[in-house]
Amino acid sequence: MKVIFLGTPDFSVNILESIVKSHHEVVAVVTQPDKINKRGNKTVFSKIKETALKLNLPLLQYENISKEGFDELKDLNADIMVTAAYGQILKQNILDVCPKGIINVHASLLPKYRGSSPVQWALINGETDVGVTIMQTELGVDTGDIILQKSITLDGNENTVETLEKLSLLGAELILEALDLIESGTANYIPQNENEATKCKMLTKQDGKIDWTKKSLDIKNFVRGMTPWPGAFTTCKFGVLKILKVGLNNVEKCGKPGEILVAHPKKGLTISCKEGCLDLLVVQGENSKAMDINSYLLGKRLTVGEILGE
RNA sequence: CGCGGGGUAGAGCAGUCCGGUAGCUCGUCGGGCUCAUAACCCGGAGGUCAUGAGGUUCAAAUCCCAUCCCCGCAA
């Protein structure tokens, strides 16, 4: 089939490459406009744009695909469109561009975790199974009929990037299956159970603040989900402290929420939570790179008894 | 021209404002001590202080100029 692919971040890349390698033909790639003014004035291409350039695929970028894209897309005479984390909500005219419609690769086990950051929320909520769903795209966000779905089990330590990488590979397999089913006319379209549907809230920077009055496992999962964006953080006497990785510490002794129980370049940094304790493993101070806790403590001497997050 | 922080030993930092012998913690190597330790003691090696045969100066890690790279915020 002739496929128009719409995607933007890392998650989309494996999926695009998978389709390119298959017997289906990618007739165009659509991605978000270049971001200008990243840090020092440089424009930044999306991962999918880089991939499309590398593979010499025709590339289209729209500020607003629903307003600008219809004619150009229609002229491609594609059979189907595939979206994977494209980043724009499609209006009905775009949904009608191709005879076989448009399908979406969503990184959750729909109907749970509809919306924009499904993996983050799944990790924050401590889900042990996550997955990918291929579904028909319709006007509602992630509400369309399900074509294929597959789950994987996590070991409980992955953060968002690591999970997305796994799901991206899973999605790359599933999309080919789905395309083949559709091509042969044997795809089953299963409506979602609305009673089980959940929608995720968009994350913001402020959501990353760690609440030390939670249980240690909940905070660990919170850090996993928030890493690397928007990032989990707390504060210490040196200012904002980003926390990228933590480990559970099963000592029985506990202090006040946020209290530093151990702070030593060789013993690490142990923080008390409401229940249980956490060892901070990878942190990032202000204006500094992420580093393991031992290195951090060599330069920044935190003291036992200090309360983080105040 | 978006705003700001930074580049000093293998690692993390101080020193820069106010120029004057390159410092701290850790690691590493050698030795010692202890029933014992992520412990302690003694000693050593390891630096073109990001780059520029740049500028100022008797003298530059430090002041001035230019470039490269990294990070945070904002998107």
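Computed from a predicted model, the values in this text were never measured in an experiment. Reckoned from all heavy atoms, side chains included, excluding hydrogens, waters and symmetry mates. Throughout, protein chains are lettered first and strands after them, A, B, ... in sequence-line order, and every chain is numbered starting at 1.
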Quick one: hydrophobic cluster around [X], which other residues, with the 4.5 Å side-chain cut-off, linked directly or via members?
X      : result
A:Y86  : A:I4, A:L6, A:V27, A:V30, A:L60, A:Y62, A:I65, A:F70, A:L73, A:L76, A:M81, A:L90, A:I94, A:L95, A:V97, A:I102, A:L139
A:L244 : A:L281, A:V282
A:V44  : none
A:V141 : A:I89

(message) Under the rule for side-chain contact (heavy atoms from CB on, under 4.5 Å), what residues qualify as partners of A:M1, not counting sequence neighbours?
(response)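 side-chain contact (heavy atoms from CB on, under 4.5 Å) check on A:M1 returns A:H24, A:D79, A:I80, A:K100, A:L179, A:I182, A:E183.
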What integer number of Å spans the [atom1] atoms of [N] and [M]?
N     : M     : atom1 : result
B:A61 : B:A22 : C1'   : 9 Å
B:U8  : B:G46 : C1'   : 14 Å
B:G27 : B:A9  : C1'   : 11 Å
B:U62 : B:C70 : P     : 23 Å
B:A50 : B:G7  : C1'   : 5 Å
B:C18 : B:G43 : C1'   : 37 Å
B:A60 : B:C17 : P     : 14 Å
B:C64 : B:G72 : C1'   : 27 Å

(message) Do A:L110 and A:I103 land in one hydrophobic cluster if side-chain heavy atoms of ILVMFWY residues count as linked below 4.5 Å?
(response)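 No; A:I103 is not reachable from A:L110 via cluster members.
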Please list each protein N or O that sits under 3.5 Å from an N or O in nucleotides 13-17 of chain B, with the distance.
{"residue": "B:C13", "atom": "OP1", "partner": "A:S288", "partner atom": "OG", "Å": "3.4"}

(message) Need to verify one output field. Residue with the more 5' nearest nucleotide on RNA chain B, A:G268 or A:D292?
(response)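 Counting from the 5' end, the first nearest nucleotide belongs to A:D292.
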Could you tell me the separation between the [atom1] atom of [X] and the [atom2] atom of [N], rounded to a whole number of Å?
X      : N     : atom1 : atom2 : value
A:K242 : B:C70 : NZ    : C1'   : 14 Å
A:L297 : B:G12 : CG    : P     : 14 Å
A:L302 : B:G12 : CG    : C1'   : 13 Å
A:K267 : B:U25 : NZ    : P     : 18 Å
A:R301 : B:A11 : CZ    : C1'   : 13 Å

(message) Does this structure show an ion pair linking A:K112 with A:E196, if we count only N-O contacts that are shorter than 4.0 Å?
(response)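 Salt bridge flag = no for A:E196 with A:K112.
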(request) Answer yes or no: is there an ion pair linking A:E173 with A:K166, defined by an N-O contact shorter than 4.0 Å? (result)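 Not counted as a salt bridge, because no side-chain N and carboxylate O are separated by less than 4.0 Å.
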(request) Would you jot down, in residue-number order, the residues of residues 278-287 of chain A having a non-hydrogen atom under 4.0 Å from RNA chain B? (result)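 A:Q284, A:N287, in order of number.
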(request) With a 4.0 Å heavy-atom cut-off, tell me which residues in residues 226-238 of chain A come close to RNA chain B, sorted by residue number. (result)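 Contacting residues: none.
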Under 3.5 Å on both distances, the Watson-Crick or G-U partner of [N]:
N     : value
B:A22 : none
B:C35 : none
B:G4  : B:C71
B:G43 : B:C29

(message) Applying side chain to side chain donor-acceptor pair (under 3.5 Å) as the test, list every pair that has at least one member in residues 119-135 of chain A; sequence neighbours left out.
(response)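 As it turns out, the side chain to side chain donor-acceptor pair (under 3.5 Å) pairs with a partner in residues 119-135 of chain A, which skip direct neighbours, are A:Y113-A:N125, A:Y113-A:E127, A:D129-A:T153, A:T133-A:Q149.
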Side-chain atoms of residues 9-17 of chain A: list all donor-acceptor pairs with protein atoms under 3.5 Å, sequence neighbours left out, distances to 0.1 Å.
{"residue": "A:S12", "atom": "OG", "partner": "A:T8", "partner atom": "N", "Å": "3.2"}
{"residue": "A:S12", "atom": "OG", "partner": "A:P9", "partner atom": "O", "Å": "3.3"}
{"residue": "A:S12", "atom": "OG", "partner": "A:A84", "partner atom": "O", "Å": "2.7"}
{"residue": "A:N14", "atom": "ND2", "partner": "A:S168", "partner atom": "OG", "Å": "2.9"}

(message) Ignoring hydrogens and geometry beyond distance, is a side-chain donor-acceptor pair present between A:D145 and A:Q192 at under 3.5 Å?
(response)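 Checked: A:D145/A:Q192 side chains show no N/O donor-acceptor pair below 3.5 Å.
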(request) Among B:C73, B:U25, B:A38, find the nucleotide with the atom closest to the side chain of A:K205. (result)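 Shortest atom-to-atom distance from the side chain points to B:C73.
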(request) Mind checking salt bridge (charged side-chain N to carboxylate O under 4.0 Å, His left out) for A:D207 and listing every partner two or more places apart, or none if nothing turns up? (result)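 Partners of A:D207 under the salt bridge (charged side-chain N to carboxylate O under 4.0 Å, His left out) test: A:K201.
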(request) With sequence neighbours excluded, give me every salt bridge (charged side-chain N to carboxylate O under 4.0 Å, His left out) pair touching residues 261-273 of chain A. (result)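 For residues 261-273 of chain A, and leaving out neighbouring residues, there are no salt bridge (charged side-chain N to carboxylate O under 4.0 Å, His left out) pairs at all.
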(request) Output yes when at least one side-chain N/O atom of A:K266 is less than 4.0 Å from OP1 or OP2 of B:A39, else no. (result)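 It does, given that an N or O in the side chain of A:K266 lies less than 4.0 Å from OP1 or OP2 of B:A39.
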